[in-house]
Amino acid sequence: MAAAVWSDRGRRSGTLAATVISSRSRSSHSVLKSQYDALVIGGGEIQKAAYLQKGGLKTAVLERRYVLGGAAVSEEIFPGFRFSRCSYLLSLLRPHIYNDLELKKHGLKVYMRDPHAFTPMLEEGVRGAPPRSLTLGSDLAMNQREISKFSEKDAFPDFVAHLEKLAEAIHPLLDAPPVNIPGVTSGSLRKRLAAAKTLIPIVKCGVKLGRNIPDFYEIITAPIMKILNPWFESEPLKATLATDAVIGAMTSPSNPGSGYVLLHHVMGELEKEKGAWGYVEGGMGGVSQAIASAARSYGVDIFTEKDVGQVLVGSDGAAKGVVLKDGTEIHSKAVLSNATPHVTFKHIVPQAALSPKLIKAIDQIDYTSPVTKINVAVDKLPNFLASPTPNNKPGPHHQCSIHLNCESVEVLESAYKEAMNGRPSVRPMIEMTIPSVLDPTLAPPGCHVVSLFTQFTPYHIEGREWTEQDREAYADNVFDWVEQYAPGFKKSVVGRDVLTPPDLERIFGLTGGNIFHGSMSLDQLYLARPLPFLSEYRSPIKGLYLCGSGCHPGGGVMGSPGWNAALTVMADLKHH
């Protein structure tokens with residue numbers, strides 16, 4: 001079967017994904033009004049719209065693309081193959097939002113993964129045996145057997161318990177705005193006391209951490225290797241864990257702050273299982289559709305293909321609504337932007353309404369991304385030399401995050417250094433997932449959808465823009481590496497969709513291609529996310545709020561930025 005290459009430069013005719021709902025198909029249910037209480041720009045993580053509507057504010061969501069969900073979308077790129085085109089795993093959806101909005105009732109179904117990590121080795125097997133591999137899951141005894149292939153000393157369960165203890169302690173910070181420093185330090189006594197309530201989550205965090213505060217400080221500031229080296233001697237185990245410390249981040253395991261990214265990725269839970277990640281039935285668009293269904297049940301109006309051109313700012317300096325690129329004006333008391341802070345303040349807010357100081361500060365936010373995502377349709381299951389399975393039948397390892405080119409931390413370091421010198425990694429870090437192993441709705445019988453989340457690729461190649469030839473050459477190189485672990489992979493490819501950092505920016509609005517809406521470095525977290533004077537979701541323009549992943553607590557934590565922003569909006573309008 002000849003392989004096809006997808007181009008998103010224009011929508012391919014005849015493509016229809018179950019999760020695509022256009023403004024035309026919704027017209028019989030919702031008519032765009034000229035006046036709302038609240039408008040949400042962008043259709044990603046629209047639970048904030050549900051909460052605003054529940055709070056009595058008539059709310060509408062305006063999505064630029066033809067498919068709802070921001071980065072959490074499902075798209076049928078090739079006939080019969082549905083992909084989680086950008087975001088591809090679920091974990092960091094906050095439990096209270098999952099329960100409040102009754103997302104299971106609204107169609108959300110999640111496939112749990114156990115085991116969850118598989119790292120095959122590129123090596124010659126001993127006496128005809130297959131190459132070694134490392135498989136990790138919830139079975140502690142199995143984990144120790146797997147790790148003992150490489151080390152008898154490594155105490156993995158103790159390390160996991162240590163991480164979970166730290167992650168559990170900071171949960172109070174995820175579901176509340178950062179401390180209101182100006183409110184606590186200035187104004188009347190009554191206002192200071194009111195602002196002092198924002199100290200409660202950080203106090204709870206400190207109490208939960210207790211004697212572990214030094215450990216917490218170390219993990220958020222140190223390189224991940226400084227954390228891992230005292231615990232482990234096995235290179236494949238350290239490299240596998242280090243991938244979660246650099247995933248989505250232009251950093252290396254030896255760089256300070258990489259420890260926090262690992263902690264960020266174990267903060268979630270799924271079906272009450274801490275740190276678990278799963279596949280959403282129908283792809284990640286299934287999350288967006290479940291949230292949209294809940295929002296509609298409360299009365300939220302949701303529209304796609306409504307591209308906001310500019311926020312309307314009145315003569316009093318307050319936001320009054322938006323104007324679409326087709327000239328349609330929609331007025332509202334509050335405007336919430338799901339877009340990155342860069343897109344919000346550099347593209348959709350009139351520059352005359354902003355101070356030069358703010359514009360300069362926005363330019364300093366780091367959006368560097370190392371990610372190229374490749375979505376692949378295959379007509380047979382990859383068969384790994386390290387764990388061969390007969391007759392196209394999946395093994396337990398096929399449901400995992402499959403870590404390729406992770407034999408050692410040195411491999412990851414080399415890949416990072418090449419990207420920092422302006423070149424795509426020759427031996428890239430690859431995280432492969434095959435959700436169709438558990439979810440049969442994604443591909444035709446016998447076929448599969450494969451996600452290749454790869455690093456490290458720069459936004460510009462040695463100072464110039466990516467060309468189509470560059471994209472194909474990089475994808476060919478990635479496929480060559482996959483082929484070494486799973487011979488026959490390249491022949492099985494039906495089609496591929498290559499998304500470099502500029503493509504992720506252009507298609508999904510991710511500035512710089514950064515999947516977190518801004519680097520998750522210590523200087524861009526909590527009180528400083530996205531900037532020290534913008535950390536409370538309110539913007540300098542009265543009535544305009546930030547509610548996307550560029551706000552605290554950051555990218556990937558589905559629900560918290562929007563939940564916190566919605567509470568802020570409702571408090572402001574009630575006070576007003």
Side-chain angles (χ1 to χ4, degrees), residues 89-91 110-123 125-168 224 227-245 247 262-263 265-279 381-409 430-439 485-486:
L89 284 168
L90 180 67
S91 174
V110 179
Y111 294 94
M112 303 295 288
R113 309 185 310 162
D114 194 15
H116 57 75
F118 174 63
T119 306
M121 301 291 106
L122 271 187
E123 62 183 13
V126 178
R127 298 191 191 94
R132 292 176 298 171
S133 63
L134 174 66
T135 304
L136 301 173
S138 63
D139 186 330
L140 298 183
M142 182 205 75
N143 290 343
Q144 283 305 121
R145 287 195 303 273
E146 288 288 306
I147 294 168
S148 69
K149 299 174 189 176
F150 306 94
S151 168
E152 295 286 352
K153 298 178 181 178
D154 290 349
F156 184 64
D158 295 342
F159 177 73
V160 171
H162 175 68
L163 274 190
E164 287 180 348
K165 186 162 51 180
L166 297 180
E168 178 70 24
I224 189 58
I227 306 298
L228 296 178
N229 282 333
W231 286 90
F232 308 117
E233 62 180 15
S234 161
E235 275 296 315
L237 179 56
K238 287 193 286 189
T240 298
L241 295 172
T243 62
D244 273 344
I247 194 95
L262 173 63
L263 186 64
H265 282 95
V266 300
M267 287 192 298
E269 67 176 74
L270 207 54
E271 302 288 342
K272 299 183 179 178
E273 185 180 330
K274 289 184 174 65
W277 292 75
Y279 299 124
L381 193 64
N383 196 9
F384 294 92
L385 291 174
S387 188
T389 51
N391 304 322
N392 202 32
K393 297 294 184 185
H397 58 288
H398 282 108
Q399 65 187 270
C400 297
S401 290
I402 301 166
H403 302 279
L404 307 182
N405 287 338
C406 290
E407 284 79 6
S408 71
V409 174
I430 302 168
E431 180 174 290
M432 172 192 281
T433 53
I434 316 172
S436 49
V437 166
L438 296 180
D439 180 4
Y485 292 91

### Task
Before giving the answer on side chain to side chain contact (heavy atoms under 4.5 Å, CB included), spell out for Glu168 and Lys165 the whole-Å C-alpha distance, their side-chain angles and the decisive distance to 0.1 Å.
CA-CA 5 Å; Glu168 178 70 24; Lys165 186 162 51 180; 5.9 Å; no
Donor-acceptor pairs under 3.5 Å, side chain of residues 387-396 to any protein atom, not counting sequence neighbours: which ones?
{"residue": "Ser387", "atom": "OG", "partner": "His397", "partner atom": "ND1", "Å": "3.4"}
{"residue": "Thr389", "atom": "OG1", "partner": "Lys393", "partner atom": "O", "Å": "3.0"}
{"residue": "Asn392", "atom": "OD1", "partner": "Leu381", "partner atom": "N", "Å": "2.5"}
{"residue": "Asn392", "atom": "ND2", "partner": "Gly446", "partner atom": "O", "Å": "3.3"}

Heavy atoms only: give me the nearest [X]-[Y] pair and the separation to one decimal.
X      : Y      : value
Glu407 : Ala239 : C-CB, 4.5 Å
Pro131 : Leu385 : CD-O, 3.4 Å
Glu152 : Glu233 : N-OE2, 4.5 Å
Trp231 : Phe159 : CZ3-N, 3.4 Å

For the side chain of [X] and the backbone of [Y], is there at least one donor-acceptor N/O pair under 3.5 Å apart?
X      : Y      : value
Tyr111 : Pro435 : no
Lys149 : Ser133 : yes
Ser151 : Ser148 : no
Asn143 : Gly137 : yes
Asp114 : Ser138 : yes

Could you measure the distance from the [atom1] atom of [X] to the [atom2] atom of [Y]? Nearest 0.5 Å is fine.
X      : Y      : atom1 : atom2 : value
Met121 : Phe150 : CE    : CZ    : 4.5 Å
Arg132 : Leu122 : CZ    : CG    : 12.0 Å
Ile227 : Leu263 : CD1   : CG    : 10.0 Å
Leu136 : Leu237 : CG    : CG    : 6.5 Å
Phe156 : Glu146 : CZ    : CD    : 11.5 Å
Ile147 : Asp154 : CD1   : CG    : 6.5 Å

### Salt-bridge present (Glu235, Lys238; N to O < 4.0 Å)
yes
### Message
With a 4.5 Å cut-off on side-chain heavy atoms, are Leu163 and Leu262 touching?
### Response
yes
### Query
Looking at side-chain heavy atoms only, is the closest gap between Tyr279 and Leu89 below 4.5 Å?
yes
### Message
Just to verify, what does Ser401 make a side-chain hydrogen bond (donor to acceptor under 3.5 Å, both in side chains) with, not counting sequence neighbours?
### Response
Arg113
### Task
Return the orientation label for the His398 and Phe384 ring planes: parallel under 30°, perpendicular over 60°, tilted otherwise.
tilted
### Of Asn405, Ile402, Ile430, the residue whose pairing with Tyr485 passes side chain to side chain contact (heavy atoms under 4.5 Å, CB included)
Asn405
